[in-house]
Amino acid sequence: YCLFAPDEIAIAIEMEAADFYDCLSDPSSPAYRAFYKGLTRQKLECRQAIIKAANNGSNPAQMWVMKMLDRVDSMTRD
C-alpha cells in the first residue's frame, strides 16, 4: 500500500484499467478487498503520524485532530 492510483495498479498487474475499475466497484471481488484494505492501512498510518505530531505540539496537526474529532462526534450523534 503505497498510494498507487488504480490506473497504476492495473498497469502493474497487467490488467486493463476499465476491468480493474470494474473489480473495484464490486465489494465481493478480491481486488476490491485488497485495494481498500491497503488504502485503509495507509490512512491509518497517516492518521497515526498526524496524531503523534499533534501530541508533540504541531499546531496544524492539532487542528486536524480537532476537525476529525468533531467529524466523528457529529457522525455519532442522534
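Given the structure is predicted, the values throughout are model-derived calculations rather than measurements.
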Hits for side chain to side chain donor-acceptor pair (under 3.5 Å) against Ser28, two or more places apart or cross-chain, chain-then-number order -> Asp26
Quiz prompt | Check: Leu24 and Pro6 side chains under 4.5 Å, non-hydrogen atoms | solution = yes
With sequence neighbours left out, the residues meeting side-chain contact (heavy atoms from CB on, under 4.5 Å) with Asp19 are Met15, Glu16, Asp22
Sorted by chain and number, sequence neighbours left out, side chain to side chain donor-acceptor pair (under 3.5 Å) with Tyr21 holds for Asp7
Next on the checklist: Just so I know, are the side chains of Gln42 and Cys46 near enough to count as touching, which here means a heavy-atom distance under 4.5 Å?
Outcome noted: yes
Going by chain and number, the hydrophobic cluster around Ile51 (ILVMFWY, side chain to side chain under 4.5 Å) further includes Ile50, Trp64, Val65, Met66, Met68, Leu69
Polar side-chain atom of Ser58 near backbone of Ala54 as donor-acceptor pair, under 3.5 Å: no
Heavy atoms of Cys23 and Ser29 approach each other most closely as O-CB, 3.4 Å
Across all chains, not counting sequence neighbours, the side-chain contact (heavy atoms from CB on, under 4.5 Å) partners of Ile9 are Phe4, Ile13, Phe20, Phe35
The complete set of salt bridge (Lys or Arg N to Asp or Glu O under 4.0 Å) pairs with one or both residues in residues 59-73, sequence neighbours excluded, reads Asp73-Arg77
Between Ala17 and Ala10, the two heavy atoms sitting closest are CA-CB, 3.8 Å
